[in-house]
2 protein chains.
Amino acid sequence: MKTIEVDEDLYRYIASNTRHIGESASDILRRLLKLQPAASAVAEPTPVAGKGIAQMLGGNELAADESAIDRFMHILAVLYRENPTSFAQACDIKGRKRIYFADSEAALLAAGNTTKPKAIDGSPYWVITNTNTGRKRNIVAQLMAAMGYPHGLIERVCQSI
Amino acid sequence: MKTIEVDEDLYRYIASNTRHIGESASDILRRLLKLQPAASAVAEPTPVAGKGIAQMLGGNELAADESAIDRFMHILAVLYRENPTSFAQACDIKGRKRIYFADSEAALLAAGNTTKPKAIDGSPYWVITNTNTGRKRNIVAQLMAAMGYPHGLIERVCQSI
DNA sequence: GAGACGATCGCCGGGATTGTTA
DNA sequence: ACTAACAATCCCGGCGATCGTC
């Protein structure tokens, strides 16, 4: 991985061409420049834990998300994609009254008022959304901890929300 | 200046496309992606009348358009003509409920009430028209940013609406 | 769906702030 | 009582589209 500097507007241009969750700056540039996709992209059946999330942090993909909610949803989508099974086991996190994750909007609505549930892209899950940013960080931290991510990475991800 | 991370091979590819000493990554990428140059440095006179956005601003082309809508439509037509591909990638801009661009009138009508779609001259695209001038400026700014135009030019174009 | 334009104002989403409970 | 953790109200900024104006 090399680091290069680009102007603001170029950066936005690249970010605006994100096609799907988990796409890195390299992926986007390769597509825009009509180059061959990275060789390893398809071949790897079991991604190394932490790879997807770390890549997300390194690249510019979160830049396209304007709000904390967008970044929150984006991170959750990547976490799910990276390890659906682990996510499923880890996501029964709850607050005092509310539950945070469920496989239906109704379940979340039933456990609190005005929770503003949103569907997690590419997964069967929904999350609560009506929280301050601190709690969003909290939820992500708890989830990632339960999924077995290392401390440092968790911290960096939370920082990025 | 923003920093992004790219794979080794991409880095080498970009470096190998350097045209002259001191050329920045942004300059090279702009050229490879066929985006607008950052500086006003249009060293060579661009002869064809009505060729680009800068030309349009320079001349009195827009003066003939009485209303903000006319100027709005005019600008969009020029932007499309200047780079149809980039326009196509950039134009999936939307509001909270409405979509702003589409390749058919019906698509815009379906996504909002009384949006007053109009066809963009010389292109297959339609835009929403029932917005205040601030929003028209907004739409143009978002579009141009996503097409990779530099800030200064975007501002001047919006000013002219 | 046919008058055209677009400012104004109502509504909605984001999330900090404030109220509540353990 | 005091605090920490949590819930959800409510303010602000942004968006939609009605309706006043020409």
Side-chain angles (χ1 to χ4, degrees), chain A residues 62-77 91-102 105-121 126-143 145-146 157-161, chain B residues 62-77 91-102 104-121 126-143 145-146 158-161:
Chain A
L62 280 181
D65 303 321
E66 240 344 278
S67 67
I69 284 191
D70 286 347
R71 287 187 293 273
F72 178 63
M73 296 305 297
H74 192 138
I75 288 164
L76 292 175
C91 75
D92 58 352
I93 297 167
K94 20 178 147 349
R96 196 165 51 235
K97 304 170 65 177
R98 296 158 152 186
I99 59 176
Y100 294 156
F101 296 88
E105 181 179 18
L108 297 180
L109 253 9
N113 298 331
T114 347
T115 53
K116 312 267 186 85
K118 278 189 174 27
I120 299 172
D121 197 26
W126 291 68
V127 216
I128 262 174
T129 261
N130 179 208
T131 66
N132 56 36
T133 303
R135 181 143 313 281
K136 285 185 192 81
R137 291 204 176 98
N138 233 305
I139 292 172
V140 168
Q142 278 189 65
L143 180 72
V157 170
C158 288
Q159 207 76 349
S160 77
I161 294 180
Chain B
L62 279 181
D65 302 320
E66 248 329 291
S67 68
I69 284 190
D70 286 346
R71 288 187 292 275
F72 179 63
M73 296 305 297
H74 191 138
I75 288 164
L76 293 175
C91 75
D92 58 352
I93 297 166
K94 15 179 152 348
R96 195 169 52 232
K97 305 170 65 178
R98 297 157 154 187
I99 60 178
Y100 294 156
F101 296 88
S104 78
E105 182 180 18
L108 296 180
L109 254 9
N113 298 330
T114 347
T115 52
K116 311 277 184 77
K118 279 190 175 25
I120 299 172
D121 198 28
W126 291 68
V127 215
I128 262 174
T129 262
N130 179 208
T131 67
N132 58 38
T133 304
R135 184 144 311 283
K136 286 186 192 79
R137 291 204 175 99
N138 234 304
I139 291 171
V140 168
Q142 278 188 64
L143 180 72
C158 287
Q159 207 76 349
S160 77
I161 294 180

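Proteins come first, then strands; the chains are lettered A, B, ... in the order of their sequence lines, and each starts at number 1.
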Check whether any side-chain heavy atom of A:T131 lies under 4.5 Å from a side-chain heavy atom of A:F72, and answer yes or no. no
Can you tell if the side chain of B:L143 reaches within under 4.5 Å of the side chain of B:Y100, non-hydrogen atoms only? no
Can you tell me how far apart NZ (A:K136) and CD1 (A:I128) are? Round to the nearest 0.5 Å. 11.0 Å
Output yes when a side-chain donor or acceptor of B:R71 lies under 3.5 Å from a complementary backbone atom of B:L62, and no otherwise. no
Would you say the side-chain atoms of A:K97 pair up with the backbone N or O of A:G112, donor to acceptor, closer than 3.5 Å? no
Sequence neighbours left out, what passes side chain to side chain contact (heavy atoms under 4.5 Å, CB included) with B:K116? Give chain and number order. B:T114, B:T129, B:N130
Results of side chain to side chain contact (heavy atoms under 4.5 Å, CB included) for B:N138 - residues two or more places apart only: B:R135, B:Q142
Along DNA chain D, 5' to 3', what are the outermost nucleotides having an atom less than 4.0 Å from a heavy atom of chain A? D:dA5 to D:dT9
Rounded to whole Å, how long is the line connecting atom [atom1] of [X] with atom [atom2] of [N]?
X: A:D65; N: C:dG13; atom1: CG; atom2: P; value: 18 Å
X: B:I128; N: C:dC5; atom1: CD1; atom2: P; value: 15 Å
X: B:M73; N: C:dA4; atom1: CE; atom2: C1'; value: 14 Å

For DNA chain C, which consecutive runs of 3 or more Watson-Crick or G-U pairs (each distance under 3.5 Å) count as stems? C:3-22 with D:3-22
Who passes side chain to side chain donor-acceptor pair (under 3.5 Å) against B:N113, sequence neighbours left out? none
Summary of protein contacts for nucleotides 14-22 of chain C, nucleotide by nucleotide, where a base hit scores B, a sugar-phosphate-only hit scores S (4.0 Å, heavy atoms): BBBB--BBS
